[in-house]
Engineer: 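Below is one structure. I have some questions about it.
Convention: sequence-line order gives letters A, B, ...; per-chain numbering from 1. The structure displayed is predicted, hence computed values, not measured ones.
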Amino acid sequence: MANVRKNNAIALVDCNNFYASCERVVNPELYKRPVVVLSHNDGIIISRSNEVKALGVPMTAPLFQYRDLLERHNTAIISANHGLYYEFSHRVIDVLNDDIGANKLELYSIDEAFIDAGVPDKLPFLGRHIKNTIFEKTKIPVSVGIATTKTLAKLANKIAKKSAKADGVLDLYNSPHIDLALKKTAVGNIWGIGPRSAVKLNAVGIKTAYELKLSEPDRIRMHLNQFGSRTVLELNGIPCLSMEISERTNKSIAHTRTFGHPMTELDELREAVYYFTTRVLEKMRWNNLATKTVEVFANTDRFKPVPYYYKGKHTYHSVYHSDVTSEIYAWVTICLEKIYRPGMKYRKAGVVLTDLVSPDDVPYRLFDQRKFERQHHLGKLIDEVNYRYGRDVVRSASLKEKGGWQGKSEHRGNDSYHAIGRDVLGLGKTYSKSVRFL
DNA sequence: TCTGGGGTCCTAGGACCC
DNA sequence: TCTGGGGTCCTAGGACCC
């Protein structure tokens with residue numbers, strides 16, 4: 001009995017209203033007003049201050065549906081500035097590493113990290129310490145949830161954020177209140193149980209997280225999938241999702257955009273897709289990767305399926321890996337010609353790279369190996385120049401400077417921080433783990 | 001007029017081989 | 001003219017997350 005080994009506690013540190021909070025730190029006037037941050041194209045709302053949440057504005061709501069309400073409440077409406085958020089993300093992680101001394105840390109997203117909290121006897125103090133220290137050093141408010149598994153830590157964090165009593169910190173590690181918390185939680189609010197799964201579970205009488213906890217894992221696997229059955233175990237305090245401490249390289253890298261206006265002509269579409277290709281290759285080479293498979297897609301407007309919603313997509317599999325712009329332009333061109341249909345009004349397109357490996361691990365080519373190496377090094381040089389002197393100072397002749405496909409971002413403020421954007425290619429050298437932007 | 005972008009993992013079903 | 005079954009790989013699509 002005395003030898004029962006306890007699992008380590010997992011703490012989830014999650015920044016509150018992260019993008020909106022960052023905007024407030026750099027512009028304290030915004031503390032006096034509600035704040036929303038908009039996606040690319042100013043299309044939808046991707047971050048809300050507490051006041052906006054209280055107005056009932058949901059996450060990822062289209063701006064136009066709530067614009068009047070927001071303006072009536074004098075809301076600051078701001079276009080996203082990913083460079084800024086990236087910078088703040090760094091600051092928060094640095095505090096966790098340097099000031100908190102988190103030895104095992106998994107960067108889960110731009111505003112969240114799991115930390116292995118060991119088996120301490122003073123967990124509530126740890127949670128409070130983390131929250132206070134991060135706020136003191138960065139002015140970013142965070143919530144901390146602590147539990148035996150990631151799924152429970154996620155839940156603890158969610159409750160910590162909402163509950164006035166918890167005040168941003170909740171320890172469910174060995175807490176007698178776990179079941180009570182689970183009984184009060186709708187099953188769809190569990191991490192990994194989305195709306196579709198919630199409907200399925202409700203249909204078989206499972207409405208709360210507690211009812212899911214009591215379910216037979218195999219039965220849940222039948223209704224959902226194996227991730228569902230793991231969730232059951234996690235709710236029972238049995239860890240199935242381990243901490244991913246080590247560096248992870250991306251399995252895919254993409255650049256996709258909705259156009260400012262619909263496009264019909266192949267030339268126009270090609271221009272946009274080449275531009276996207278340039279951006280995605282920039283990201284790829286920044287991460288020191290090469291690709292073998294490119295996918296290009298172009299869709300019409302899904303909200304106006306006239307005459308019908310067309311989703312064109314083609315994947316090109318090359319024999320060789322490459323990071324050479326001219327080669328990959330050729331692959332992209334093949335894809336584009338396969339998917340293009342005259343007369344369609346394209347609203348969105350993108351380029352996705354998969355089969356990514358380090359250029360050092362690329363097998364030798366039977367032919368043209370030396371040419372490839374020359375081009376590979378030339379590409380590196382061009383990236384270097386563009387990094388130093390500005391994006392696309394050196395660019396392919398087929399790449400236009402500016403196209404009608406570009407959307408709008410009218411709610412920009414604080415332009416000095418937008419300069420950071422160039423350093424932020426989505427994934428970074430110093431940022432060891434993949435970071436997904438919202 | 002207006003409805004994002006970047007990821008991951010899982011599964012069912014088809015192609016193909018023996 | 002009859003007509004198997006098992007294994008593997010690949011792909012498209014679904015679901016989820018931030």
Side-chain angles (χ1 to χ4, degrees), chain A residues 12 14-19 36-48 58-68 70 77 79-80 82 85-86 89 107-114 150-151 154 157-158 188-201 221-231 241 244 248-262 276 279-280 283-284 287 293 295 297 299 301-305 309 311 313-315 317 347-356 407-411 424-427 433-438:
Chain A
L12 174 65
D14 190 327
C15 301
N16 301 345
N17 317 330
F18 184 54
Y19 294 177
V36 294
V37 176
L38 307 178
S39 68
H40 179 85
N41 256 7
D42 293 346
I44 63 176
I45 295 160
I46 56 173
S47 183
R48 306 155 294 157
M59 185 65 166
T60 66
L63 173 64
F64 74 90
Q65 288 174 358
Y66 290 92
R67 178 163 232 149
D68 289 348
L70 292 171
I77 298 173
S79 300
H82 294 289
Y85 315 141
Y86 188 78
S89 180
L107 200 54
Y108 177 67
S109 75
I110 191 162
D111 71 338
E112 269 176 76
F114 288 105
K150 283 182 166 181
T151 305
K154 270 282 198 183
N157 192 294
K158 204 171 230 187
N189 284 332
I190 292 293
W191 185 45
I193 308 292
R196 302 292 177 131
S197 301
V199 167
K200 283 186 196 166
L201 292 173
R221 184 197 306 259
M222 273 171 45
H223 290 301
L224 307 178
N225 54 27
Q226 61 137 330
F227 190 88
S229 63
R230 269 191 305 213
T231 300
L241 305 165
E244 291 178 38
R248 190 176 39 177
T249 56
N250 279 63
K251 299 200 165 130
S252 68
I253 296 178
H255 190 91
T256 71
R257 285 289 178 275
T258 300
F259 302 133
H261 65 81
F276 299 164
R279 294 284 82 84
V280 78
K283 275 191 237 176
M284 185 187 79
N287 284 275
T293 305
E295 174 194 320
F297 70 85
N299 303 340
D301 194 335
R302 68 193 161 109
F303 296 101
K304 290 188 204 97
Y309 179 33
K311 291 163 78 172
K313 188 185 108 172
H314 186 79
T315 308
H317 298 275
R347 191 69 215 293
K348 178 177 178 170
V351 180
V352 186
L353 310 177
T354 48
D355 279 332
L356 300 167
K408 56 180 191 310
S409 282
E410 292 173 346
H411 300 277
V424 181
L425 303 169
L427 314 144
K433 304 260 304 193
S434 73
V435 168
R436 302 184 276 274
F437 288 123
L438 202 62

Engineer: What pair of heavy atoms forms the shortest contact from A/Lys283 to A/Asn287, and how long is it?
Structural biologist: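 Smallest heavy-atom distance, with atoms named: O-ND2, 2.8 Å.
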
Engineer: Should A/Arg257 be listed as having a side-chain N or O under 4.0 Å from OP1 or OP2 of B/dG6?
Structural biologist: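 Yes, such a contact exists.
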
Engineer: Check whether any side-chain nitrogen or oxygen of A/Lys154 sits under 4.0 Å from OP1 or OP2 of C/dC18, and answer yes or no.
Structural biologist: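 Yes, such a contact exists.
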
Engineer: Would you say A/Phe227 stacks on B/dC10, if stacking means ring centres under 5.5 Å apart and planes within less than 30 degrees?
Structural biologist: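 No; by the centre-distance and plane-angle rule, A/Phe227 does not count as stacking on B/dC10.
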
Engineer: Examine B/dC10: is either OP1 or OP2 under 4.0 Å from a nitrogen or oxygen in the side chain of A/Arg230? Give yes or no.
Structural biologist: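 For B/dC10, OP1/OP2 do have a side-chain N/O of A/Arg230 under 4.0 Å.
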
Engineer: According to a strict under-4.0 Å criterion, is A/His317 in side-chain N/O contact with OP1 or OP2 of C/dT11?
Structural biologist: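 Checking A/His317 against C/dT11: at least one side-chain N or O falls below 4.0 Å of OP1 or OP2.
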
Engineer: Return no unless some side-chain N or O of A/Lys348 is found under 4.0 Å from OP1 or OP2 of B/dT3.
Structural biologist: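 For B/dT3, neither OP1 nor OP2 has a side-chain N or O of A/Lys348 closer than 4.0 Å.
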
Engineer: For Watson-Crick and G-U wobble pairs within 3.5 Å on both distances, what is DNA chain C written in dot-bracket notation, | included for inter-strand pairing?
Structural biologist: ....||||||||||||||

Engineer: Report each atom pair, protein N/O against N/O of nucleotides 12-15 of chain C, whose distance is under 3.5 angstrom.
Structural biologist:
| from | atom 1 | to | atom 2 | distance (Å) |
| --- | --- | --- | --- | --- |
| C/dA15 | OP2 | A/Arg196 | NH1 | 3.4 |

Engineer: Does the side chain of A/His255 get closer than 4.0 angstrom to OP1 or OP2 of B/dG6 through an N or O atom?
Structural biologist: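 The answer is yes; a side-chain N or O of A/His255 sits under 4.0 Å from OP1 or OP2.
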
Engineer: Within the structure, does a side-chain N or O atom of A/Arg347 lie under 4.0 Å from either OP1 or OP2 of B/dT3?
Structural biologist: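 Looking at the OP1 and OP2 atoms of B/dT3, one of them is under 4.0 Å from a side-chain N or O of A/Arg347.
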
Engineer: With a 4.0 Å cutoff (strictly under), does any side-chain N or O of A/Thr60 reach OP1 or OP2 of B/dG4?
Structural biologist: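 False: A/Thr60 side-chain N/O out of range (4.0 Å or more) of B/dG4 OP1/OP2.
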
Engineer: Quick one: is B/dT8 close enough that its OP1 or OP2 comes under 4.0 Å of any side-chain N or O from A/Ser252?
Structural biologist: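 Answer is yes, contact under 4.0 Å.
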
Engineer: Quick check on B/dG4: is either OP1 or OP2 less than 4.0 Å from any side-chain nitrogen or oxygen of A/Arg302?
Structural biologist: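 Yes, A/Arg302 has a side-chain N/O under 4.0 Å of OP1/OP2 on B/dG4.
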
Engineer: Which residues satisfy the side chain to side chain donor-acceptor pair (under 3.5 Å) test with A/Asn299, sequence neighbours excluded?
Structural biologist: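 Side chain to side chain donor-acceptor pair (under 3.5 Å) check on A/Asn299 returns nothing, list empty.
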
